[in-house]
Number of protein chains: 4
Amino acid sequence: MSRIKKIGVLTSGGDAPGMNAAIRAVVRTAIFNNLEVVGVKQGYEGLIKGDFETMKSYDVSNIIQKGGTILCSARSEEFRSVEGRKKAHEQMLAAKIDALVVIGGDGTFSGARIFTQEYDIPVVGIPGTIDNDLFGTDYTIGFDTALNTVIEAVDKIRDTASAHNRLFFIEVMGRDAGFLALRSGIATGAEAILIPERQTHLKDLEKYLAKGYKGHKNSGIVIVAEGDKSGGAYTIAREIEKKHPEYDIRVSVLGHMQRGGSPSAFDRVTASTLGVAAVDALLDDQKSIMVGMVNGEVSHVSFNKTIKNKKVVKDSLLTLNDILSI
Amino acid sequence: MSRIKKIGVLTSGGDAPGMNAAIRAVVRTAIFNNLEVVGVKQGYEGLIKGDFETMKSYDVSNIIQKGGTILCSARSEEFRSVEGRKKAHEQMLAAKIDALVVIGGDGTFSGARIFTQEYDIPVVGIPGTIDNDLFGTDYTIGFDTALNTVIEAVDKIRDTASAHNRLFFIEVMGRDAGFLALRSGIATGAEAILIPERQTHLKDLEKYLAKGYKGHKNSGIVIVAEGDKSGGAYTIAREIEKKHPEYDIRVSVLGHMQRGGSPSAFDRVTASTLGVAAVDALLDDQKSIMVGMVNGEVSHVSFNKTIKNKKVVKDSLLTLNDILSI
Amino acid sequence: MSRIKKIGVLTSGGDAPGMNAAIRAVVRTAIFNNLEVVGVKQGYEGLIKGDFETMKSYDVSNIIQKGGTILCSARSEEFRSVEGRKKAHEQMLAAKIDALVVIGGDGTFSGARIFTQEYDIPVVGIPGTIDNDLFGTDYTIGFDTALNTVIEAVDKIRDTASAHNRLFFIEVMGRDAGFLALRSGIATGAEAILIPERQTHLKDLEKYLAKGYKGHKNSGIVIVAEGDKSGGAYTIAREIEKKHPEYDIRVSVLGHMQRGGSPSAFDRVTASTLGVAAVDALLDDQKSIMVGMVNGEVSHVSFNKTIKNKKVVKDSLLTLNDILSI
Amino acid sequence: MSRIKKIGVLTSGGDAPGMNAAIRAVVRTAIFNNLEVVGVKQGYEGLIKGDFETMKSYDVSNIIQKGGTILCSARSEEFRSVEGRKKAHEQMLAAKIDALVVIGGDGTFSGARIFTQEYDIPVVGIPGTIDNDLFGTDYTIGFDTALNTVIEAVDKIRDTASAHNRLFFIEVMGRDAGFLALRSGIATGAEAILIPERQTHLKDLEKYLAKGYKGHKNSGIVIVAEGDKSGGAYTIAREIEKKHPEYDIRVSVLGHMQRGGSPSAFDRVTASTLGVAAVDALLDDQKSIMVGMVNGEVSHVSFNKTIKNKKVVKDSLLTLNDILSI
């Protein structure tokens, strides 16, 4: 039987819709298994400061539908230092916390990995980021909600683009990854999609626009991931404008609203599943792993692997859009 | 090379959000491959009457985000008869339609199967139903949207339930299948979920409610699939009310709004993927199959198999809810 | 200067979106004016039981966008009795509460009126009900949100109605008043609207349907207020079905979701304005009045008047719909 | 009796949600009164080119809920010239169009006024702009929808702001007018609201932020109208950042999504009412007027007056926010 009596749960890095659903699942699964559970505020910052709060079942009542994270999140400089992690460990000892569930992305797991290497603390991670850029899971919590937020915004912009026969460059989040741009582009019938994983050839883009936007269509949408090599929506729009002064071009940067909102059904179910799975993994003596969803089933992947590997964008989806945007 | 020159596309049975996205994908993929494509109105009814319309790329512009189906749908009694199918075949010959893509559910594919057995017409199906009850695909088009529609409605009801400390029985669609009830129940933090695939034991339900609703919670939600063996939300509510007059009970039947609305990102991407896959399958000389999504990839399953087999509800999700509703 | 040092605020009767925005405004305006403020839980029930909670500015942070009411609501039988109100008065004396702001509808104000007649307690009311049926104010808090909830649901139903060429009878809330039915009917392009304030002539309805639904339209929507004299959506649908078996008829009762949801911008601004106005009125030595909005300005109307008079439905809107549904 | 036999309807300037509802009302009211009605494409551009389309009742079926404008909109340079307007007049004569309904804003009505001065053509205007900046009407079509779009976006941003304890500067539309900023600020509980009609004093803003954001609150929102004298959200954010490097500041410019989306119930009812009123006015021999809503009733105001006068922002709403943001 597991020696774990008390676990801590925290959210770290950029927040994502569904984090609260994951917290709820962690708390209730812990209680269901007769564990104590404390919420750690502000991510690793709270771990260092000992900002802990015992959580009961009703503390997570009625939060499954809420955006943001009730535990708050932060990026912690101090946790990057040996000294900071030492303090965190001491706080955990003092509070008798035996294990951790950390909800976040790449940076969160990097922090967790080094912490588990230095101290004998089991840590299990849950992937929570709107970027969906984590190796070892098909979906990260928040991705589906962000997708829906993006397509609702783009649908609205399409209304006004069509009314005025305009070409819009719309920038969506994704500093290193084009998952959000790619799927939202397909889902909104974008004329073109520019992502960091692919080289953007201005010539190709011009060709597409000439065929679609200036061909038979009464509006044009180009989705640009913020990390696209061309330099973002404004830069690429300026390039096209220079060569095609006849186009009526506008730019919209969707910004931080993509991180908020009530989570979608998909994200709530995924978050609930992974919250249960994370506590189960701790009870099964797992450590230094992220729980994820692969082919509809819970998977385990070591922090090591999820940090070192890069999740690959499906070429088939890019090809798909070339066909559908004709 | 395929001998197919012209294909028809139709939607049949109950409509589902994302059908338009699928139609768009079929039309554009056909055109991309230099095929002609006609829309058949009102499902098999239109096939019998020869209600056809040639479709160009711009005919499906700006429909990816629309609920319903631009081709309309209907249930056709006449197509169940040998005579009806004969007329349909003659209409296809007259219009030189070589192959069909049919979008719908179980009934749609049953009709297609017998039609392909009688006549040498390649038919490929696309799963479109909010019920998600088709064997051979993880997701059917419309399911994710319906899920989100349900959870938005239940979230609203939760507001008023919490304000008044009430217990709600909420009936969602699903005559034979509990997929929608199960996932929406998890996603809304329901106290209990009743589905056709499981026997409902009144005693168990009472126990749950006593523990949750009348324990520490200030509201209770029970999600009931319309096909639940207990007889639907009204019947089960009456049973509970008789035994627990101290509960403040209300019933809500969500009804047909579950079928409508702008499709979710997930449904749009799935519909687009399957629309392309259906035309690809025809060009690869496939017939009598449904294209589906299994583990994130396109799959082929014979009409025979998808009709004869029943998709199974995951026990793990029911167990999950028992843990999370404490 | 006013002798009021401490006020109580409560929500009573059916809850309505925007009640939290009103509570926030009452609390902060009180604090802004150096008053103490306590929240009373469960409406008049909490007043009788002394269920009070001191409220600070941050207690109402981040609630303006939330449906329901953080103070909960209830209907109190005991407050209808002399004895119950005596207890309530004693609790107020014990807690040194000098005045009350009550948020609710007709029943709430009736209770408040008799209470102020028996005891020298200033009470000011804020109209909070989705029915918009209060005399002395153009809008009640929650009405606009409920309208938007209804039209979103009806838009979804229209999708499926159009796909199947169906006639829907949709029942919306409004036991005694047709405001919600009337405006949602106009806003959704309903073929007909049935409200309690008008006699429903089956002959007229048949005529409309024959002209519209079976004339040139591919779907039909009839909005029925729950208090319509004809007996609700199911009854009237059955009548029409009997006489027109050729119609493909469906019924949907929207139910309690109409009471929930995040309040609309309009309701939030109205609630904020009236919350400020209610505290201002108390500071101006007003009592036994409801604050309302008339022609865009704050108005005062005695409880007496708002209870005794019936708000009239605009004939012009019914005429409007006769023109627009052709 | 009016000599008008045939009217034209057009949308001009920036599009706004609800324009389609207004078009529908104009078309059906015209038909109800036995007039012919033609849609003019692309605003005054289409008038000059004779881009007309006869409209029947079913042409405006199922558009009441759609954003954008089915007639498209454009700004016409040519219509600013005597020659351009001469061509427009000739096109109208050729098509036997006796009168016009123009839907738009300030610029639209300026064009209409000079046109009616040069030619004896009755023109009636309908206020359609998300800015609500037209004198002579309490509400313009699109304003309420844009408000709701803004608050939904800000609510989402509030989630992430709260999770990270951040201060956001959010820019909303309104080049010359602060109506949208003011009401959305109140509706989202903004810590401060900056509008073109008021001088922004950095000192005051700092004071507010120190009190609220850095006092007891865990996030801060400042709503900035794009036409604010301080130079927009980015400029003001930079100023504050310079003086308060301790604040974690982000900027979001909501952009063109504010113009799109399915119209709110309020906008649909207003648009329907004004569409009827515009045709009624033409039949009553009115010309060179805008129909509007004042105190809940239809009003008439001359183009002259609505162009020359500036609608005033309510001081009471600014005061309100000072109280509520404590």
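Sequence lines set the chain letters: A, B, ... in the order given, protein chains first and strands last, and positions in each chain run from 1.
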Engaged part of [X] at the chain B interface, taking heavy atoms whose separation is under 4.5 Å:
X        : result
A/Asp155 : side chain
A/Phe143 : neither
A/Lys314 : side chain
A/Ser162 : side chain
A/Ile64  : side chain
A/Ala21  : neither
A/Ser316 : neither

For [X] and [Y], which heavy atoms make the closest approach, and how far apart are they?
X        : Y        : result
B/Ser272 : A/Leu320 : O-CD1, 3.9 Å
A/Asp322 : B/Phe32  : O-CE1, 4.4 Å
B/Pro263 : A/Ile151 : O-CD1, 4.0 Å

Flag the one option from A/Val27, A/Asn321, A/Thr188, A/Val150 with the top tally of heavy-atom pairs under 4.5 Å to chain B.
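Most heavy-atom pairs under 4.5 Å with chain B: A/Thr188.
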Between B/Asp138, B/Asn33, B/Thr273, who has the most heavy-atom pairs with chain A when the cutoff is under 4.5 Å?
B/Thr273
Within the 4.5 Å heavy-atom criterion, are [X] and [Y] side-chain neighbours or not?
X        : Y        : answer
B/Asn62  : A/Arg158 : yes
A/Leu324 : B/Arg24  : yes
A/Leu147 : B/Phe266 : no

Could you measure the distance from the CD1 atom of B/Ile31 to the CD1 atom of A/Ile323? Nearest 0.5 Å is fine.
12.5 Å
Would you confirm whether A/Asn148, through its side chain, and B/Ser264, through its main-chain N or O, come within 3.5 Å as a donor-acceptor pair?
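The answer is no, because no donor-acceptor pair under 3.5 Å joins these two groups.
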Heavy-atom cut-off 4.5 Å, strictly under: side chain, backbone, both or neither for B/Ser262 against chain A?
side chain
